[in-house]
Undergrad: 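Structure incoming, see below.
In this chain, numbering begins with 1 at the start of the sequence shown.
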Amino acid sequence: MTVIQQIDSSVLLWIQDYVRSDFWTPFWRWVTSLGNEGWIWIMMGVWFFLSEKRGERMAGLCQLLSLGLGAILTNVLIKKIVARPRPFDVYNAILPLIPEPSDYSFPSGHTCASFACAWIAWRMLSGKQAAGFMIIAILISFSRMYLGVHYPTDVLGGIVVGIVSAELVYRGYLWFQKGHEK
């Protein structure tokens, strides 16, 4: 076992032993469900895309594009290349609190989608809107560890892939906008 795996499993066991509670578990299940299939992020992207304000429309479009790019990078490429088993498949002591996902663990798709949208909000929307997106992204990301379905490094990987996806889309938007100024 590598040092990173030892730290990852230790953090999950600590969360399981000292943070989990019957009181909080329904809340964290609900939070994680917000990120299932990226639906909350898709709905928010569409909501902004349909806005009357041009800046919000462009932010919504960029969110949807960054979601797509993040999903391809995470689910089509990285998960299949890395092929990291889920924590509960490796350590019997880690008990998942939701139905066991059947795909690979690294990186976290919920986290990638969350940070892809939150980062676009950070770059393109008002401070209050961006803060709301960031809070939701952080909560969804933590829920994946709380529920025992992702390691901390899976979540960190999801953050990185999400931000990289968003930043590529955002810079593409700036490049396109600059080339089409009148």
Undergrad: Apply side-chain hydrogen bond (donor to acceptor under 3.5 Å, both in side chains) to residues S126 and Q129 and explain how you reach the verdict.
TA: CA-CA 5 Å; S126 73; Q129 291 169 320; 3.1 Å; yes
Undergrad: Of all heavy-atom pairs between P85 and S105, which one has the smallest distance, and what is that distance?
TA: O-CB, 3.5 Å
Undergrad: Do the non-hydrogen side-chain atoms of D103 and R86 ever get within less than 4.5 Å of each other?
TA: yes
Undergrad: Would you find more than 12 non-hydrogen atoms of other residues, nucleotides or ligands less than 6.0 Å from Y170 atom OH?
TA: yes
Undergrad: Show, in sequence, the C-alpha distance, side-chain angles and deciding distance for Y104 and I81, and conclude whether the side chain to side chain contact (heavy atoms under 4.5 Å, CB included) test is met.
TA: CA-CA 10 Å; Y104 292 116; I81 292 168; over 6 Å; no
Undergrad: Are I94 and L13 close enough that some pair of their side-chain heavy atoms sits under 4.5 Å apart?
TA: yes
Undergrad: Please walk me through it: do T111 and I140 pass side chain to side chain contact (heavy atoms under 4.5 Å, CB included)?
TA: CA-CA 7 Å; T111 302; I140 288 174; 5.6 Å; no
Undergrad: Nearest 0.5 angstrom please: T25 OG1 to I98 CD1, how far?
TA: 11.5 Å
Undergrad: Considering all heavy atoms of both residues, which atom of F133 and which atom of C117 are nearest to each other, and what is their separation?
TA: CD2-O, 4.1 Å
Undergrad: Are F106 and H150 close enough that some pair of their side-chain heavy atoms sits under 4.5 Å apart?
TA: no
Undergrad: Check whether any side-chain N or O of S66 sits under 3.5 Å from a backbone N or O of Q63 as a donor-acceptor pair, and report yes or no.
TA: yes
Undergrad: Any side-chain heavy-atom pair from Y151 and M145 closer than 4.5 angstrom?
TA: no
Undergrad: Can you check whether L95's main-chain N or O pairs, donor with acceptor, with Q16's side chain at less than 3.5 Å?
TA: yes
Undergrad: Is any side-chain heavy atom of F48 closer than 4.5 Å to a side-chain heavy atom of R57?
TA: no
Undergrad: Between Y91 and I7, is there shared hydrophobic-cluster membership here, with clusters defined by ILVMFWY side-chain heavy atoms closer than 4.5 Å?
TA: yes
Undergrad: Compare every heavy atom of P107 with every heavy atom of V161, then report the nearest pair and how far apart it is.
TA: CG2-CG, 4.3 Å
Undergrad: Heavy atoms, side chains only, cut-off 4.5 Å: are V31 and F142 in contact?
TA: no
Undergrad: Under a 4.5 Å side-chain heavy-atom rule over Ile, Leu, Val, Met, Phe, Trp and Tyr, are L77 and L65 clustered together?
TA: yes
Undergrad: Testing the 3.5 Å rule here: is there a donor-acceptor pair between the side chains of R144 and T32?
TA: yes
Undergrad: In terms of hydrophobic clusters joined by side-chain contacts under 4.5 Å, are I135 and W119 together?
TA: yes
Undergrad: According to a 4.5 Å side-chain heavy-atom criterion applied to Ile, Leu, Val, Met, Phe, Trp and Tyr, with indirect links allowed, do I138 and V19 form part of one hydrophobic cluster?
TA: yes
Undergrad: Count the heavy atoms of every other residue, nucleotide or ligand shown that sit under 6.0 Å from CZ of R171, and state whether that count exceeds 12.
TA: no
Undergrad: Got a sec, which residues hit side chain to side chain donor-acceptor pair (under 3.5 Å) with R84, two or more places apart in sequence or on another chain?
TA: D8, T153, D154
Undergrad: Name the atoms and distances for all side-chain donor-acceptor pairs under 3.5 Å in residues 36-47, with sequence neighbours left out.
TA:
unit_1, atom_1, unit_2, atom_2, d
N36, OD1, H110, NE2, 2.9
W41, NE1, S114, OG, 3.2

Undergrad: Could you tell me which non-hydrogen atom of P96 sits nearest to which non-hydrogen atom of V149, and how far apart they are?
TA: CB-CG1, 4.2 Å
Undergrad: To the nearest 0.5 Å, what is the distance between CG (L156) and OG (S141)?
TA: 9.5 Å
Undergrad: Grab the two heavy atoms, one from E56 and one from S51, that are nearest each other, plus how far apart they are.
TA: OE1-OG, 2.7 Å
Undergrad: Applying the ring pair (Phe, Tyr, Trp, His ring centres under 6.0 Å) criterion to Y146, which one of W28, W14, Y18 satisfies it?
TA: W28
Undergrad: Report the distance from atom OG of S33 to atom CG of L147, rounding to the nearest 0.5 Å.
TA: 10.0 Å
Undergrad: Sequence neighbours excluded, which residues qualify as ring pair (Phe, Tyr, Trp, His ring centres under 6.0 Å) partners of F27?
TA: W24
Undergrad: Does D17, at its CG atom, have more than 12 non-hydrogen atoms belonging to other residues, nucleotides or ligands within less than 6.0 Å?
TA: yes
Undergrad: Just how far is it from atom CD1 of I120 to atom CD1 of I163, taken to the nearest 0.5 Å?
TA: 11.0 Å
Undergrad: Just verifying a value: how many Å separate L61 CG and Y173 OH, rounded to the nearest 0.5 Å?
TA: 9.5 Å
Undergrad: Identify the two heavy atoms, one from T74 and one from C112, that lie closest to each other, and give their separation to 0.1 Å.
TA: OG1-SG, 3.3 Å
Undergrad: Please say whether more than 12 non-hydrogen atoms of neighbouring residues, nucleotides or ligands are located less than 6.0 Å from CZ in F88.
TA: yes
Undergrad: Evaluate the side chain to side chain contact (heavy atoms under 4.5 Å, CB included) criterion for residues E167 and R123: first the C-alpha distance (whole Å), next the side-chain angles of each, then the deciding distance (0.1 Å), finally the verdict.
TA: CA-CA 9 Å; E167 196 62 28; R123 298 289 259 154; 2.7 Å; yes
Undergrad: Could you tell me the separation between the CZ atom of F115 and the CD1 atom of I136, rounded to the nearest 0.5 Å?
TA: 11.5 Å
